[in-house]
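In what follows, a structure is listed as structure tokens, so that the remarks can point back to it.
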Amino acid sequence: MAVTDPPAVVPPVIQEFIDATNAADTERFVATFTDDAYLNDWGREFRGSDGVRSWNETDNIGMQSQFELVSVLPGSAHGEYTANIKVTSNRFNGTGPFKFALRDGKIASLVLS
């Protein structure tokens, strides 16, 4: 993993999100999110642990995704970060922004657009 932009320290839960995906570990992946998490993937909305699990099956680990962190920058509010992640999978290949809102060490919101 190479982080090309500050901060030099990647929030641990974002690193765990990447590592769990790359290990194809669904339980570990779902555990990175809060119980009331919100996930928006280009307008498709998923809520809570069941929603995250559903998205993971259809769009992430279920598609054999592998993530490479390109950069991460803090957002305008506390706990907000935008990570540019290179994705290789059976569904999507390319680099794009993952907008995270963190709460209590977990992902409360993730928006992909």
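Just so it is clear, the model here is predicted, and its values are computed rather than measured.
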N-O pairing of R44 and D41 below 4.0 Å: yes
- prompt: Would you call D35-K106 a salt bridge at under 4.0 Å N-O?
  reply: no
task: Establish, from distance only, whether the side-chain atoms of W55 and N60 form a donor-acceptor pair under 3.5 Å.
output: no
- request: Please confirm whether the backbone N or O of T58 pairs with a side-chain atom of R91, one donor and one acceptor, at under 3.5 Å?
  value: yes
- request: Mark yes or no for whether Q66, through its side chain, and N22, through its backbone, hold a donor-acceptor pair below 3.5 Å.
  value: yes
task: With the side chain counted from C-beta on, respond yes when F29 and V52 share a heavy-atom pair under 4.5 Å apart, and no when they do not.
output: yes
- prompt: Does T88 reach the side chain of S65, with side-chain heavy atoms less than 4.5 Å apart?
  reply: no
query: Taking the inter-plane angle between the rings of F98 and F67 on a 0 to 90° scale, is it parallel (under 30°), tilted (30 to 60°) or perpendicular (over 60°)?
result: perpendicular
message: Using the side-chain contact (heavy atoms from CB on, under 4.5 Å) criterion, which residues pair with E45? Sequence neighbours excluded.
response: Y38, N40, R47
Beyond-backbone contact of V70 with I85, side-chain heavy atoms, under 4.5 angstrom: no
- line: The residue among N84, V111, L112 that forms side-chain contact (heavy atoms from CB on, under 4.5 Å) with P97 is N84
message: Could you check whether atom CG of N93 has more than 12 heavy atoms from other residues, nucleotides or ligands sitting under 6.0 Å from it?
response: yes
